[in-house]
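One structure is given below, encoded as structure tokens.
This is a predicted model, so every value here is computed, not measured.
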Amino acid sequence: MQWKGSECQETRFKTSWYTFSKWGRNWWRNRKACEHQGGYLVSIETQEEWQFINDEIQKRSSWNTSAWHIGLRFKNNTWTWLSGKKLNISKWRDYETEGRAEISKNESLFNKISGSEINAFICEMPEECSNMSFQNSWYIFTKKGGNWTTDRGICQSQGGDLVSIETEEEWNFIGDEIQNRSTMSNCSRACNHNPRYDKWYIGLEKKGENWTWVSGKLVNMPKWAGEPNCEGSVAHICKQTIKGNQSLFCGIHGSEKLAYICEIPKGKTKLLFIFDI
């Protein structure tokens, strides 16, 4: 096994990789966000892993975040991790039954929550980290997602935004990557992995008469699959169009649930990654 980058190595514990968000939504939605990126809310199964998470939390002491949702829930009369293993370390601030759990910034202790509380979250990816970067950014490609606004919020909570494809070179890079991936967006049994169903939200929106990247730059490449549609719409990138063209932009209203691509500038967070499930 060959490790390819210091960012991933700094946030690796045994065979897992981790991301820490700065904010989030309720426990169930945060759980789904981790699953869409190829993992789950963190399962802290040993004293050694808890110490690792504690150390990472202390590195984020300047963040305006008081606690993170973790993958711990009370199920079948016992506290159980989403990985399926039962809780066997005692790190409770006050032990309770029922509900879900978070880990606090203060002493990294567990607190019982109902699940409806809004908070940041920690994802664990139980796989080998696959660094993917282009120039000064790292990228996350998901297989599923929500609407455009929801997906953008998840990217922003992890230190980045939906991808802004600003140059021909970056477009070639993104295009090469999505040709090797598939999504679960709008794909029924009849789809049978047809590449026309594979599409990802990107950070492109129409402001007035101009299509603009979320980075603030105007679109300067003719990469549209036909004329972009409707005022105030956003865009996704298609793996393949009906005509067989690859990696073109398509206008969309933004309410459809799609996979997405995050772009995170290097140095913004400790762990930046791409994950393909």
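- Pairing each heavy atom of S233 with each of I252, the nearest pair is CB-O, 3.1 Å.
- Counted within 6.0 Å of CG on N88, heavy atoms from surrounding residues, nucleotides or ligands total more than 12; the atom is thus considered enclosed.
- Remark: T78 pairs with T80, K86 by the side chain to side chain contact (heavy atoms under 4.5 Å, CB included) rule, at least two apart or across chains.
- Across every non-hydrogen atom of S108 and I57, the tightest pair is OG-CD1, 3.7 Å.
- In summary, E49 and K14 do not engage in a salt bridge, as defined by a charged side-chain N under 4.0 Å from a carboxylate O.
- Judged as a side chain to side chain contact (heavy atoms under 4.5 Å, CB included), and not counting sequence neighbours, the contacts of A235 are I202, L204, W211, W224.
- Checked against side chain to side chain donor-acceptor pair (under 3.5 Å), S247 has the following partners two or more places apart in sequence or in another chain: Q179.
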Does D55 form a side chain to side chain donor-acceptor pair (under 3.5 Å) with Q51? I'd like the steps, not just the answer. CA-CA 6 Å; D55 292 344; Q51 187 61 58; 3.0 Å; yes

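- With sequence neighbours excluded, the residues satisfying side chain to side chain contact (heavy atoms under 4.5 Å, CB included) with N210 are T212, L218.
- Contact detail for P265 and G159: the closest heavy-atom pair is CD-O, 3.8 Å.
- Follow the hydrophobic side-chain contacts under 4.5 Å out from M125 and you never reach L41; the two are in separate clusters.
- Under 4.0 Å is where a charged nitrogen must lie from a carboxylate oxygen, and between K59 and E56 at least one such pair does.
- Not counting sequence neighbours, the partners of E169 by the side chain to side chain contact (heavy atoms under 4.5 Å, CB included) test are F134, T167.
- Listed by chain and number, the residues in a side chain to side chain donor-acceptor pair (under 3.5 Å) with E96 amount to none (sequence neighbours excluded).
- Proximity of a side-chain donor or acceptor of K105 to a complementary backbone N or O of W63 within less than 3.5 Å is detected.
- Side chain of S164 to main chain of E166: no donor-acceptor pair is present (N/O by atom type, distance under 3.5 Å, no hydrogens or angles).
- Take W92 and apply the ring-ring contact (aromatic ring centres under 6.0 Å, His included) test, not counting sequence neighbours, and it matches W79, Y95, F110.
- Looking only at distances, no side-chain donor or acceptor of Q37 sits under 3.5 Å from a matching main-chain atom of E35.
- The salt bridge (Lys or Arg N to Asp or Glu O under 4.0 Å) search around R25 returns none, not counting sequence neighbours.
- Side-chain polar atoms of N172 and E168 form no donor-acceptor pair below 3.5 angstrom.
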Give the C-alpha distance, both sets of side-chain angles, the deciding distance and a yes or no for side-chain contact (heavy atoms from CB on, under 4.5 Å) between F141 and E177. CA-CA 9 Å; F141 294 71; E177 290 303 319; 3.6 Å; yes

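- In this structure, the side chain to side chain donor-acceptor pair (under 3.5 Å) partners of S116, at least two apart in sequence or on a different chain, are S114.
- Ring geometry for F20 versus W68: interplanar angle over 60°, hence perpendicular rather than tilted (30 to 60°).
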With side-chain contact (heavy atoms from CB on, under 4.5 Å) as the test, would you mind laying out the steps for F173 and Q135 before giving the verdict? CA-CA 10 Å; F173 163 77; Q135 294 183 354; over 6 Å; no

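- Residues E205 and V234 come closest through the heavy atom pair CB-CG1, 4.0 Å.
- Atom NZ of K223 sits in a crowded spot, with more than 12 heavy atoms from other residues, nucleotides or ligands closer than 6.0 Å.
- Residue pairs meeting the disulfide (SG to SG under 2.5 Å) criterion with at least one partner in residues 31-105, sequence neighbours excluded, are C34-C123.
- In the hydrophobic clustering of ILVMFWY residues, with side-chain heavy atoms under 4.5 Å counting as a link, I237 and V219 come out together.
- For the pair R73 and W27, the tightest heavy-atom approach, listed with the atom from each and the gap, is CD-CH2, 4.2 Å.
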Going through the distances and angles, do N147 and S255 end up as a side chain to side chain donor-acceptor pair (under 3.5 Å)? CA-CA 5 Å; N147 61 41; S255 58; over 6 Å; no

Working for side-chain contact (heavy atoms from CB on, under 4.5 Å), residues H36 and I154: CA-CA 11 Å; H36 288 173; I154 293 171; 5.8 Å; no

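- Legend: residues meeting ring-ring contact (aromatic ring centres under 6.0 Å, His included) with W213, ordered by chain and number and at least two apart, are F249.
- Classification of E102 and R93 as a salt-bridged pair fails, no side-chain N sitting under 4.0 Å from a carboxylate O.
- Counting all heavy atoms, side chain and backbone alike, D151 lies closest to L258 at OD2-O, 2.9 Å.
- Between I89 atom CD1 and E45 atom CD the span is 9.0 Å, to the nearest 0.5 Å.
- Because its NZ or CZ atom is both nearer than 6.0 Å to the ring centre of W50 and within 45° of the ring axis, K91 counts as a cation-pi partner of that residue.
- Residues meeting the side chain to side chain donor-acceptor pair (under 3.5 Å) test with S66, sequence neighbours left out: none.
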